[in-house]
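Accompanying notes for the structure given below.
Computation of the quantities below employed the complete heavy-atom set of this structure, encompassing side-chain atoms and omitting hydrogens, waters and symmetry-equivalent molecules.
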Amino acid sequence: MKKTTKSLLISATVLLSLAPAATLAAGATTNTADAEAVYYDKAGHFEGPSINISYNNAVQVKTGTGQYTLTKINASDVTATSVSDKENLGVTATGDTNLYTSLNAAVLQDQKSLANDSTSKDGSVAYQRVYVKVNGLDTNNALLSMQIPYTPARITFNGADINYTNYANGNGSFVVYRTVTTSDNPSTSNGFNFYDINTKGVVKVTKQGSPAQLYDANGNVISTRALGPATDWFTDTQRIAQNGKVFYRVSTSEYVAESDVDFYPAANGTSATSALAN
């Protein structure tokens, strides 16, 4: 499939929902990968593959951290992956130099609501725009191609479908948002801070010949229960931990690791076992 020049452009800003999480900001800003993994048809329309962009939507930093430091996004905090083969497509991510007093102010870039010196006090909370570019992807073209649509390919954020018409800003980046919480004693990567994403579907155990380990709501191993090999289970929640691990909820307080299962959207799950009411 030949890659061609892209030409169709749109411009807009989008609000993505926030949920609680925590991680420490770091300096790397880029995940590199082959840009040729993204394809366009002869007319220049985005053709694929479907892409999931994963990002941490909240950070916790030590009191006194300079706001400029927050422009540097940890390379592990934003990833772009091909849905079909899990290939890392690579991203470049940069935090905005401004912090805002509310999420709405960050969306509107309201200069009257700048959170000046917001990291100087323990417990303060501010909101930041993060600009994300996927290697080889013309963001505006891709969004327009999906809107018409010219392509069956889809772009999701943290596994959730796009719910708004446009997710691009004027410089061709996706815009996502995160909370910035200041603490005198910020959490470390050993903690199990997390955020949950509502997601309905089925997980199928992929471990060959052995059961899949279960975990409690705090990420601790449950030694007395497991999921049998090759079994299917309904799930309604994807849980992303601070250390980057991903889990799916399969009962009221039990989770299975993403590494031990394949996930299928609800439309594809017709014969799974439900333990969510147990």
Side-chain angles (χ1 to χ4, degrees), residues 1-17 31-55 57 78-93 130-177 197-204 206 232-238 240 246 248 258-259 261-272:
M1 198 168 298
K2 185 178 179 181
K3 183 175 179 180
T4 59
T5 303
K6 292 78 69 180
S7 59
L8 300 176
L9 297 176
I10 55 178
S11 178
T13 301
V14 66
L15 166 63
L16 298 180
S17 60
N31 281 318
T32 58
D34 184 7
E36 295 299 323
V38 177
Y39 298 99
Y40 300 86
D41 66 15
K42 292 181 179 180
H45 303 128
F46 169 64
E47 196 166 66
S50 292
I51 299 169
N52 181 50
I53 297 173
S54 298
Y55 67 98
N57 57 9
V78 181
T79 60
T81 307
S82 168
V83 173
S84 59
D85 58 14
K86 311 300 182 185
E87 179 184 0
N88 179 13
L89 301 179
V91 295
T92 300
V130 176
Y131 304 103
V132 179
K133 289 186 177 181
V134 178
N135 290 0
L137 182 68
D138 181 329
T139 302
N140 299 307
N141 175 286
L143 293 171
L144 185 59
S145 297
M146 292 168 60
Q147 182 182 355
I148 301 303
Y150 292 104
T151 174
R154 286 292 173 265
I155 299 173
T156 57
F157 292 85
N158 284 345
D161 289 334
I162 290 177
N163 295 319
Y164 295 81
T165 302
N166 304 315
Y167 278 68
N169 75 333
N171 68 6
S173 298
F174 293 111
V175 183
V176 297
Y177 300 86
I197 300 171
N198 293 329
T199 179
K200 293 183 179 180
V202 171
V203 289
K204 182 180 182 64
T206 56
D232 295 350
W233 299 84
F234 283 120
T235 183
D236 64 353
T237 302
Q238 183 188 61
I240 302 177
V246 178
Y248 288 98
E258 180 187 47
S259 57
V261 297
D262 283 333
F263 172 74
Y264 301 93
N268 295 333
T270 58
S271 60

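Here the side chains of Phe157 and Val176 are in contact, with some heavy-atom distance below 4.5 Å. You'll find the side chain of Tyr131 reaches within 4.5 Å of the side chain of Val175, heavy atoms only. Residues Phe174 and Ile53 meet the side-chain proximity criterion, which asks for heavy atoms closer than 4.5 Å. Between Thr235 and Val261, the closest side-chain pair of non-hydrogen atoms is not below 4.5 Å. Phe234 has its side chain within reach of Val202: a pair of non-hydrogen atoms, C-beta onward, lies under 4.5 Å apart. When side chains are defined from C-beta on, Val91 does not count as touching Thr79, because their heavy atoms never get closer than 4.5 Å. Between Asp232 and Tyr264, the closest side-chain pair of non-hydrogen atoms is not below 4.5 Å.
In terms of heavy atoms, Ile155 sits closest to Ala142 at CD1-CB, 4.1 Å. Closest heavy-atom contact between Val246 and Gln238: CG1-CG, 3.6 Å. Of all heavy-atom pairs spanning Ala80 and Asn88, the tightest one is O-OD1, 3.2 Å. The two residues Asn158 and Ser54 make their nearest non-hydrogen contact at OD1-CA, 3.2 Å.
Side chains of Tyr40 and Glu47: a donor-acceptor N/O pair is absent below 3.5 angstrom, by distance only. Counting only N and O atoms by type, the side chains of Thr156 and Asn52 include a donor and acceptor under 3.5 Å apart.
Every residue meeting the side chain to side chain donor-acceptor pair (under 3.5 Å) condition with Ser84, not counting sequence neighbours, appears here in chain and number order: Ser82. Among residues two or more places apart in sequence or in another chain, the side chain to side chain contact (heavy atoms under 4.5 Å, CB included) test is passed with Ser259 by Ala257. Applying the side chain to side chain contact (heavy atoms under 4.5 Å, CB included) test to Thr151 and every residue at least two apart in sequence or in another chain returns Phe46, Ser145, Met146, Ala153.
Using bins of under 30°, 30° to 60° and over 60° for the plane-to-plane angle, the ring pair Tyr150/His45 lands in the parallel bin.
Note that CG of Asp138 and CG of Leu143 are 9.0 Å apart. Values are rounded to the nearest 0.5 Å. Rounding to the nearest 0.5 angstrom, the gap separating the CG atom in Leu89 from the CD1 atom in Ile51 is 5.0 Å.
Side chain of Asn57 to main chain of Tyr177: no donor-acceptor pair is present (N/O by atom type, distance under 3.5 Å, no hydrogens or angles).
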